[in-house]
There are 2 protein chains.
Amino acid sequence: MNARHPVDAAKDSLAAPALYEQVAERLRTRIYAHELAPGAWIDEQGLADEFGISRTPLREALKVLAAEGLVVLKPRRGCYVAALAERDLDEIFPVLALLEGRVAEEATRRLAGLEAGVGPLASADFSRLAEIHAELERHAAAHDIDRFFAANQRFHSALQELAGNRWLSQLIDDTRKFLKLTRRDSLRLDGRLKQSLAEHRAILAAMKKQDAAAAALQMHNHILSGRAALAKLLTQP
Amino acid sequence: MNARHPVDAAKDSLAAPALYEQVAERLRTRIYAHELAPGAWIDEQGLADEFGISRTPLREALKVLAAEGLVVLKPRRGCYVAALAERDLDEIFPVLALLEGRVAEEATRRLAGLEAGVGPLASADFSRLAEIHAELERHAAAHDIDRFFAANQRFHSALQELAGNRWLSQLIDDTRKFLKLTRRDSLRLDGRLKQSLAEHRAILAAMKKQDAAAAALQMHNHILSGRAALAKLLTQP
DNA sequence: CTGGATAATACTGTATCCATAATTATGAAT
DNA sequence: ATTCATAATTATGGATACAGTATTATCCAG
């Protein structure tokens, strides 16, 4: 989890983030880039020197990363970059599929205006989704994986926002953050880009039909499909 | 999340927990007991003095608690105990219901031996569940809420273990930890004990019939039922 | 008596320092 | 030469000290 609190994110947005938070961010970047490789020992003094800071804020940052699961703290033995096994993926993806499926379901309900209280959301929201999807189509056609990846993230984020459940979003974000440890990008697999696009279309179609259950199912399959692609990628990189 | 890493819990069980971890635990206890009330400011120096330690490990502990969502860190303004609103409960319980429902589903599948690879788990596991349930029945009859509460926790834990998905368990544990901020115990509500018991019976019955979907549904309803009880408790305490 | 500016105070954030435990290197004995 | 014991080194965990900023108190003006 982020240092910002999950639900009640008390962000005085103009307040400069504390040093330990900046350090945590820098470390995340390095870990994701495998510049700090999985299993690698983290040299506190070395990094502190390199960052030009003392060990104190660095160690606080490590506590945060440990809570996120990006590093493992071994008492009296130091800190190591977390490594996630095949088994972890097998356990994580189904859960992620469950959560994201629920997001799709809720988002669809919200769009359909079936939710009590809130009332029907403007269809502007749907066009926003459609807009992002159009981007996906374009980037896929151009085989621009990086932009596709970015747009894909925006798509899922937009959906989460639509679903309007902060806790649900939080758990998904936490999970995805952890998953980024693999760095392997299943989109690079041969037919995966096209396949992913097709799955997105199916999700969007279900939402358009205001079929929440179908949207959930399609999203669920979409995530598991990502898992399968990743598995293939790991056997033949 | 806990300071122990979610998946790869590196616990050299005989290693004494670091001081910051012990401190975190003491703070959790105080927070749950509302000895540190929601919204209250946390006096670092004061607590450090009281615990007979320096501010360093205390601050590290606070970072951990912040990651768990139990406290909120405001840059340059200090640390405050998190307060969760009615809306948070409305967002959290459905997610918890989803997750616990999945646990029931997976556990049932495992019991039924439908899972590939692992093979049918010994029916000893089911009798263990049944045993815990018998305890629940007894404590309910005796109106021993505390023991009922404890046995209830064991029941859910046993189920999680059966389901065998560590990530799923982790998310549930995180969520429950956060929920404990309310401290309000829905079991204290008038007919809730009996009702909860009935729901447990339904869950167990579904599992016995090896009906995973039904088990999931019953568990789902069980959790949401807990939410409803809590809501009632908050209007008329 | 109220409002605002300035000074005093207190607390957070960071750096430095020290003690202790773990690891590695060294040496002696079998 | 191998193995065990012991010493040296290094890193972690914790305490203390210091700087900078937010908050509170005080005082003066209107």
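Lettering of chains follows the sequences in order, A, B, ..., and the numbering in each one begins at 1.
B:Lys63 and B:Glu60 are not joined by a salt bridge, as no carboxylate oxygen comes within less than 4.0 angstrom of a charged side-chain nitrogen. Salt bridge status for A:Glu21 with A:Arg28: present, with a side-chain N to carboxylate O gap under 4.0 Å. A salt bridge does not link B:Glu68 to B:Lys180: none of the charged side-chain nitrogens sits closer than 4.0 Å to a carboxylate oxygen. Of the charged side-chain nitrogens involved, at least one lies within less than 4.0 Å of a carboxylate oxygen, so that A:Asp90 and A:Arg227 count as a salt-bridged pair.
Mapping B:Thr56 and B:Cys79 onto DNA chain C by nearest heavy atom places B:Cys79 at the nucleotide closer to the 5' end.
B:Leu58 places its CG atom 12 Å from the C1' atom of C:dT12, with the value rounded to the nearest Å. In this entry the distance linking CD of A:Gln45 with P of C:dA15 reads 11 Å, nearest Å. In this structure, the CD atom of A:Glu60 is 9 Å from the C1' atom of C:dT14, given to the nearest Å. Atom CG of B:Leu19 and atom P of C:dT20 are 15 Å apart (whole Å). Between A:Phe51 atom CZ and C:dA15 atom P there is a gap of 13 Å when expressed in whole angstrom units.
Under the side-chain contact (heavy atoms from CB on, under 4.5 Å) criterion, A:Ser54 pairs with A:Thr56, A:Pro57, sequence neighbours left out. Checked against salt bridge (Lys or Arg N to Asp or Glu O under 4.0 Å), B:Asp185 has the following partners two or more places apart in sequence or in another chain: B:Arg188. By the salt bridge (Lys or Arg N to Asp or Glu O under 4.0 Å) test, A:Asp144 is found to be paired with A:Arg147, residues two or more places apart in sequence or in another chain being considered. In this structure, the ring-ring contact (aromatic ring centres under 6.0 Å, His included) partners of A:Phe155, at least two apart in sequence or on a different chain, are A:His200. Taking the salt bridge (Lys or Arg N to Asp or Glu O under 4.0 Å) definition, one finds that B:Asp43 meets it with nothing, sequence neighbours left out. Taking B:Arg192 as the reference, B:Glu199 meet the salt bridge (Lys or Arg N to Asp or Glu O under 4.0 Å) condition, with sequence neighbours excluded. With sequence neighbours left out, B:His220 forms a side-chain contact (heavy atoms from CB on, under 4.5 Å) with A:Arg102, B:Ala97, B:Leu224. Partners of B:Gln153 under the side-chain contact (heavy atoms from CB on, under 4.5 Å) rule, at least two apart in sequence or in another chain, are B:Phe149.
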Interface polar pairs with nucleotides 17-19 of chain C, N/O, under 3.5 angstrom:
none

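Annotation: proximity of residues 35-42 of chain B to DNA chain C (heavy atom, distance under 4.0 Å) is found for B:Trp41, B:Ile42, numbered in ascending order.
Chain B approaches DNA chain D within less than 4.0 angstrom (heavy atoms of the protein), and the contacting nucleotides run 5' to 3' from D:dG14 to D:dT23.
Comparing the local axis fitted to the first five base pairs of the helix from C:dC1-D:dG30 to C:dT30-D:dA1 with the one fitted to its last five gives a bend of 10°, rounded to 10°.
Side-chain proximity of B:Glu44 to C:dG13, C:dT14, C:dA15: nearest is C:dG13.
Taken to the nearest 0.5 Å, the CD1 atom of A:Ile31 stands 13.0 Å off from the CZ atom of A:Arg26.
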